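These notes are about the structure you will find just below.
FYI, side chains are in, hydrogens and waters are out, and symmetry mates aren't considered; it's all heavy atoms of this structure. All of these numbers come straight from a predicted model, not from anything done at the bench. Letters A, B, ... are given to chains in the order of the sequence lines, protein chains preceding strands, and every chain is numbered from 1.
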Protein chains: 2
Amino acid sequence: MTTRPLPTALVRSLPATVPFVGPETQERERGRPFKARLGANESGFGPSPRTIAAMTRAAGDMWKYGDAQNFVLRTKLAEKLGIGIENIVIGEGIDGLLGLVVRQYVETDQPVVTSLGAYPTFNYHVAGFGGRLVAVPYEKDRENLDWLLDAVKREKAPLVYLANPDNPMGTWWDADEITRFIEVLPPETMLILDEAYGETAPEGTLPEIDVSRPNVLRMRTFSKVYGLAGLRCGYAIGEAQTIANFEKVRNHFGMTRMAQAAAEAAIDDEDHLTWVQAQVEIGRQQLYRIAEDHDLSAIRSATNFVTIDCGRDGTFAMNVLKELAERDVFVRKPMAPGLDRCIRVSVGKAQELDIFADALGDALGAAKAG
Amino acid sequence: MTTRPLPTALVRSLPATVPFVGPETQERERGRPFKARLGANESGFGPSPRTIAAMTRAAGDMWKYGDAQNFVLRTKLAEKLGIGIENIVIGEGIDGLLGLVVRQYVETDQPVVTSLGAYPTFNYHVAGFGGRLVAVPYEKDRENLDWLLDAVKREKAPLVYLANPDNPMGTWWDADEITRFIEVLPPETMLILDEAYGETAPEGTLPEIDVSRPNVLRMRTFSKVYGLAGLRCGYAIGEAQTIANFEKVRNHFGMTRMAQAAAEAAIDDEDHLTWVQAQVEIGRQQLYRIAEDHDLSAIRSATNFVTIDCGRDGTFAMNVLKELAERDVFVRKPMAPGLDRCIRVSVGKAQELDIFADALGDALGAAKAG
């Protein structure tokens, strides 16, 4: 065997897993494109025309590094949210920020609490920095706040992850419940409150912004309703010192100047946001109806996707997924026991939902026959 | 004192340093913009018109996540370089890739070898992952290959960093010397060969590509001659298993779709590359002359910047830098003892170099008077 540099003990222990297989990867493996791209909770309604125009204007400036302080973007967000720019850190999507938080708070072998079946990329980061994942089950397709709290206390966990609204189930807790959870959380435990889908949730879902608590990081993104997943731009909101700590570990010149330009324009275009929010609600209703038309039950959703109970076990739902892919429909599904009976369909343009609707009956039939 | 989550021992030990203060930060502090942006080794010649057109076409697609495998971009690079796509990993600029390499190969307190005054962002990552930096001096403004090797052997370092051509001095070693260095390097030691400025170096500077060695990672970027610094796109070339290991730690969906689209177009536009290379050579000659006109000696450069010896000590050169900033010229300077007598001026468009030339005499005079 060739002598070669030895990765660290931690890296040697890691599998080369990918949290998600991307649709392009699947398309290459299939040898043909999908007709409906409804698996990654992207926003088929696109970035706003004003945001596209801002990108076009910015293109010629891409020879310059982006502003390492993300000053203009943070200023706009701070004004919108009624907080200071010292309460906001910008990162390469929530994915990037999750990695930075795990890196900051988790020593090797320390426990990190999440729900069994929640965001796999968070789990990937926990493993990647040597943390030990402690996952509590969902209850009735919702993350269970009491169980999360119990696990935090029992394990003395430095970090806990909670998405509200939830991915992959689309369920949510009211702001009051979240606030109560925050109030009883041990102050030594950092909470990541992932609000990637906050803009599509019913009023009363997101707690008031409170940047006085050092142990709460709320994460938001331009990847969903703003239609900028391809530009990797998210942000964390928190107490000033908690935010300042990111300066010790973040890649200061890591944000693209294009993401900055696009996100700045996107914030200003409130009409587009309102329009997308309305489209998402229309799409959710359409997906509920499609499920009903096939005698399936759709879980009510606060997100830009709808999770549909296929009515049997995980193997059956997986077969439905495969049969949909055969019919050129890209969707994904929860994998954890209990949740795995479902498939998860992103809200897309009406024509893509129609393609899904057309394919679903045949896919169910084939899955039942198979 | 409020009880709050405790960062890891390592993170608590880190200062909140920023490797570089960006020009936008300085502009905000100054209260006015620079007239000549010549400090960050960006390419003022811009991305090519075809690349800008590709960005414009891609803007509307930004609602989609980028391809996690960077398949098209890697395929184009592999074809250009005559290697396999399994020999290439794409990252968020060389900065991002450097962090991933340190994370893969450096355990806490392990020694990492570099040159005293070499790339600060690399040092930032070494500190950030708990490594111990061992820095050998430059000799006659070049990184000294023998001293680097001695330090690697003495310390049994798992990782060594070498930039060829060098930043911040602009000097270089011929391919033969680099190849000899690679051949005698202990096979357990990973070499990062940073070739960010490879495209502006004289022929015979870059060794032939050889992806058989598991302990060499060559890093290149679209930030310099391709004029895409603002899109954060770099790549590492290496042996297949060495490249595969990145899958364990990289942020799989971290690349922007825009960077993918732009870099793909930039590779195809060889005419623009050739034109920029010629402009860089013209600019270097112009900077050599500007230095001579002020009785300063310019170090011959293989990069898109020229490092100018201000002829006195580091304090004097710092004053020259400050006086240039007073005159709205953004440049930077090396900070390590011995190198710090210099300022470093990026090649820019002729009109920006004229602004620098006009300001330099006054700045030198003021620095001498001060």
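- Put simply, of A:Gly99, A:Gly93, A:Ala59, A:Pro158, the one with the most heavy-atom pairs under 4.5 Å next to chain B is A:Ala59.
- Of the listed residues (A:Met55, A:His125, A:His252, A:Arg57), the one with the most heavy-atom contacts under 4.5 Å to chain B is A:His252.
- Here the side chains of A:Tyr119 and A:Asp95 are in contact, with some heavy-atom distance below 4.5 Å.
- Between chain A and the residues B:Leu10, B:Val72, B:Val11, the most heavy-atom pairs under 4.5 angstrom are made by B:Val11.
- At a threshold of 4.5 Å between non-hydrogen side-chain atoms, the residues A:Tyr105 and A:Asn215 do not count as touching.
- Highest contact tally toward chain A, considering only B:Ala68, B:Gly66, B:Ser43, is held by B:Ser43 [criterion: heavy-atom pairs under 4.5 Å].
- Residue B:Phe129 touches chain A through both its backbone and its side chain, counting heavy-atom pairs closer than 4.5 Å.
- Taking chain B as the reference chain and counting heavy-atom pairs below 4.5 Å, the highest number among A:Lys64, A:Glu247, A:Glu24, A:Glu188 is found for A:Lys64.
- For the residue pair B:Ala127 and B:Leu14, the shortest heavy atom distance occurs at O-CD2, 3.3 Å.
- Counting heavy-atom pairs closer than 4.5 Å to chain B, the top-ranked of the candidates A:Lys224, A:Gln104, A:Gln260, A:Glu27 is A:Gln104.
- For B:Val106, the part lying near chain A is the backbone, with the side chain staying farther off; criterion is any non-hydrogen pair under 4.5 Å.
- Both the backbone and the side chain of B:Thr8 have a heavy atom closer than 4.5 Å to some heavy atom of chain A.
- Contact of the B:Val102 side chain with the B:Val112 side chain is not registered, since no non-hydrogen atoms from C-beta on lie closer than 4.5 Å.
- Residue B:Ala54: no heavy atom, backbone or side chain, is found under 4.5 Å from chain A.
- For the options A:Thr51, A:Val249, A:Leu159, heavy-atom pairs under 4.5 Å to chain B are most numerous at A:Val249.
- Both the backbone and the side chain of A:Thr25 come within contact range of chain B, each with at least one heavy atom under 4.5 Å from a heavy atom of that chain.
- With chain A as partner, the option from B:Gln110, B:Met62, B:Gln69, B:Arg213 having the largest number of non-hydrogen pairs under 4.5 angstrom is B:Met62.
- With chain A as partner, the option from B:Gly254, B:Ala53, B:Gly46, B:Gly227 having the largest number of non-hydrogen pairs under 4.5 angstrom is B:Gly227.
- Aromatic ring pairs are classed by plane angle as parallel below 30°, tilted from 30° to 60° and perpendicular above 60°; the pair A:Phe20 and B:Phe253 is perpendicular.
- Between B:Phe122 and B:Tyr161, the ring-plane angle classifies as parallel under the 30° and 60° cut-offs.
- Looking at B:Leu231, both its backbone and its side chain come within 4.5 Å of chain A, counting heavy atoms on both sides.
- Between B:Ile192 and B:Leu98, the closest side-chain pair of non-hydrogen atoms falls below 4.5 Å.
- Interface remark: B:Gln241 contributes backbone and side-chain atoms alike to the contact with chain A (heavy atom separation under 4.5 Å).
- A:Arg257 is not listed as a side-chain neighbour of A:Tyr65, based on a closest heavy-atom distance of 4.5 Å or more.
- Both the backbone and the side chain of B:Asp67 come within less than 4.5 Å of a heavy atom of chain A.
- Looking at heavy atoms from C-beta onward, A:Cys233 lies in side-chain contact with A:Met255 at the 4.5 angstrom threshold.
- Using a 4.5 Å cut-off on side-chain heavy atoms (C-beta onward), B:Leu217 and B:Leu193 make no contact.
- A:Arg332 and A:Ser346 form no side-chain donor-acceptor contact under 3.5 Å, judged by distance and modelled atom types alone.
- With a 4.5 Å cut-off on non-hydrogen atoms, B:Pro15 touches chain A through its backbone but not through its side chain.
- Taking the side chain as every heavy atom from C-beta outward, A:Ile52 and A:Pro49 never approach each other to under 4.5 Å.
- Options A:Pro23, A:Gly230, A:Ala40 differ in how many heavy-atom pairs under 4.5 Å they form with chain B, and the most are formed by A:Gly230.
- Of the listed residues B:Pro214, B:Ala262, B:Gly22, the one with more heavy-atom pairs under 4.5 angstrom with chain A than any other is B:Pro214.
- A donor-acceptor distance shorter than 3.5 angstrom exists from the side chain of B:Arg232 to the backbone of B:Ala229, with no hydrogens or angles considered.
- Between chain A and the options B:Arg12, B:Glu239, B:Glu92, the largest number of non-hydrogen pairs under 4.5 Å is found for B:Glu239.
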